Amino acid sequence: ETTSPFLQQPCVNVSYFTEDDFLPFDKIASGGFANVFKAKHKLWRLDLAVKCSHLLREESFSFERNMSHLAEETARMVKIRFKYILPIYGICTKPAGIVMEYMQNGSLDKLLVRYTITWLMKFRIIHEMAMGMNFLHSMNPPLLHLDLKPGNILVDENLHIKIADFGLSKWEDDLSSKQHVERSVVRGTINYMPPELLNGPSGVKHDVYSFSIVLWEILTQQKSYAGTNTMAVFVKVVAGARPCLKLIPENSPQECAQMVDLMKRCWDQELDRRPAFSEIVMETEMLFGLLQFPDIQISNSTKIPKLTPPSSSISVQNGTIITEIANSELQRLNLLAKTGSSDELS
Ligand code: ATP
């Protein structure tokens, strides 16, 4: 049990760190909203990531309020443990920031531009993302992400993903819908915002829409609406426009047509027609399984009852076939084809 200067109650499970707990910080990203550092814990000998939001600068106008807000959020987030959700370790009080697992291969947006990714790998990333989101939405009450985008999908040394930055959207509670749109334009995240954003508070179908745009970007390895002015994007999306389907590569496997069909349902203008993650994850599991084991015949009547199998094991439970594949075997399947001048992945 630890006490925090920013929490009224002592908080179980939240660790508090200061710079002295780490070897010198190594800045890995710096943007308009936060700096992210890689920091090796002196005692644990483990690399961690520390994200210091500019809102947490001591000179910031609402530092005290933001810090106690962060402490409350972190207390909730450290309890969330799931294979495809980025673990939060606690809070760094000096410099002020959030301490989380370090992911060796950074974020998905960079992976998508640096490498040509095989279809099997694309389907695996999509399925792992669906599993992570399904877990958050199956909490009681559902935990909404509201900022799902490739920059918030982090990639580990084995090219498995974890969803980051969930739960932080509460910071924006006091923004009106219009301010939310404006802020998304400024932050460059408007592409992932659903058309109903202007109509009032968001629900689970907000994340389903964002998922569909990320899905398009994974399938095409392109940025959605490239070349279109950001505010114009939202106006067009509200009028029913979506990313161009012609940009999906023609060399795609036949399962891609079903993935595209799922994507289109997820970006439906009508919220009720967008599937829930509990349904999405069933479909992505099946499609990833089909690509992984093309020789396995799955009859239409086959039900795949498990919601969250480990990604390294696909069970097609029609009473006859249960197949497992080891992680190392997946690696062997040449998941990434490196392009010309790209960086090496370990
Ligand atoms: P925001 O989510 O605040 O709008 P952002 O999407 O650019 O901003 P940040 O969370 O600020 O993302 O992170 C910036 C970059 O830092 C990421 O794109 C990623 O490359 C790197 N990064 C963030 N968290 C980690 C982590 N836990 N491990 C490794 N790299 C990370």
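Remember, predicted model here, so these are calculated numbers, not experimental data. Positions are given from 1 along the sequence. One-based numbering, in listed order, for ligands and for the atoms of each.
Note on ligand 1: K149 sits in its first shell, one or more heavy atoms being nearer than 4.0 Å.
Residue N152 has at least one nitrogen or oxygen atom sitting less than 3.5 Å from a nitrogen or oxygen atom of ligand 1, judged on distance alone. Between K51 and ligand 1, an N or O atom pair is found at a separation short of 3.5 Å.
Listed by number with element, the atoms of ligand 1 under 4.0 angstrom from any heavy atom of L154 are 24 (N), 25 (C), 26 (C), 27 (N). Shown in contact with A29 at under 4.0 Å from a heavy atom are these atoms of ligand 1, numbered in order with element: 14 (C), 15 (C), 16 (O). Atoms of ligand 1 lying under 4.0 Å from any heavy atom of A49, numbered from 1 in the order shown and given with element: 26 (C), 27 (N), 28 (N). Each of the following atoms of ligand 1 lies closer than 4.0 Å to a heavy atom of Y102: 28 (N), 29 (C).
Among protein heavy atoms, atom 12 (O) of ligand 1 sits closest to G151 O, 4.2 Å. Looking only at protein heavy atoms, the nearest one to atom 22 (N) of ligand 1 is V36 CG1, 3.8 Å. Distance from atom 4 (O) of ligand 1 to its nearest protein heavy atom, with residue and atom name: R187 NH2, 2.7 Å. Here the heavy atom of the protein found nearest to atom 29 (C) of ligand 1 is M103 O, 3.2 Å. Distance from atom 2 (O) of ligand 1 to its nearest protein heavy atom, with residue and atom name: D165 OD2, 2.8 Å. Distance from atom 20 (O) of ligand 1 to its nearest protein heavy atom, with residue and atom name: K110 NZ, 2.8 Å.
For E196 and R274, the salt-bridge test passes: some basic side-chain N is under 4.0 Å from an acidic carboxylate O. Under the 4.0 Å criterion applied to side-chain N and carboxylate O atoms, D268 and K264 are not assigned as salt-bridge partners. A salt bridge is absent between K149 and D165: the closest approach of a Lys/Arg side-chain nitrogen to an acidic carboxylate oxygen does not fall below 4.0 angstrom.
Counting heavy atoms under 4.0 Å from ligand 1, residue E101 touches it through the backbone alone. At a 4.0 Å heavy-atom cut-off, ligand 1 touches S107 through backbone and side chain alike. Of the heavy atoms in Q104, none comes closer than 4.0 Å to ligand 1. With a heavy-atom cut-off of 4.0 Å, T189 does not touch ligand 1 at all.
Ring geometry, Y89 versus W44: the interplanar angle falls from 30° to 60°, so the pair is classed tilted. Between H41 and F22, the ring planes are perpendicular. Angles over 60° get that label, and only those under 30° would be called parallel.
When only modelled atom types and interatomic distance are considered, R242 and Q269 share a side-chain donor-acceptor pair under 3.5 Å. E217 and Y192 share a donor-acceptor pair across their side chains, judged by distance under 3.5 Å alone. Neither side chain, N134 nor S278, offers a donor N or O lying under 3.5 Å from an acceptor on the other.
Residues W216 and C244 share a closest heavy-atom pair of NE1-O, 3.0 Å.
Less than 4.0 angstrom separates atom 18 (O) of ligand 1 from at least one non-hydrogen atom of the protein.
Counting heavy atoms from C-beta outward, L144 and H137 have side chains that approach closer than 4.5 Å.
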Please test L159 against M121 for side-chain contact (heavy atoms from CB on, under 4.5 Å), starting from the C-alpha separation and ending with a verdict.
-> CA-CA 9 Å; L159 305 172; M121 182 60 152; 2.9 Å; yes

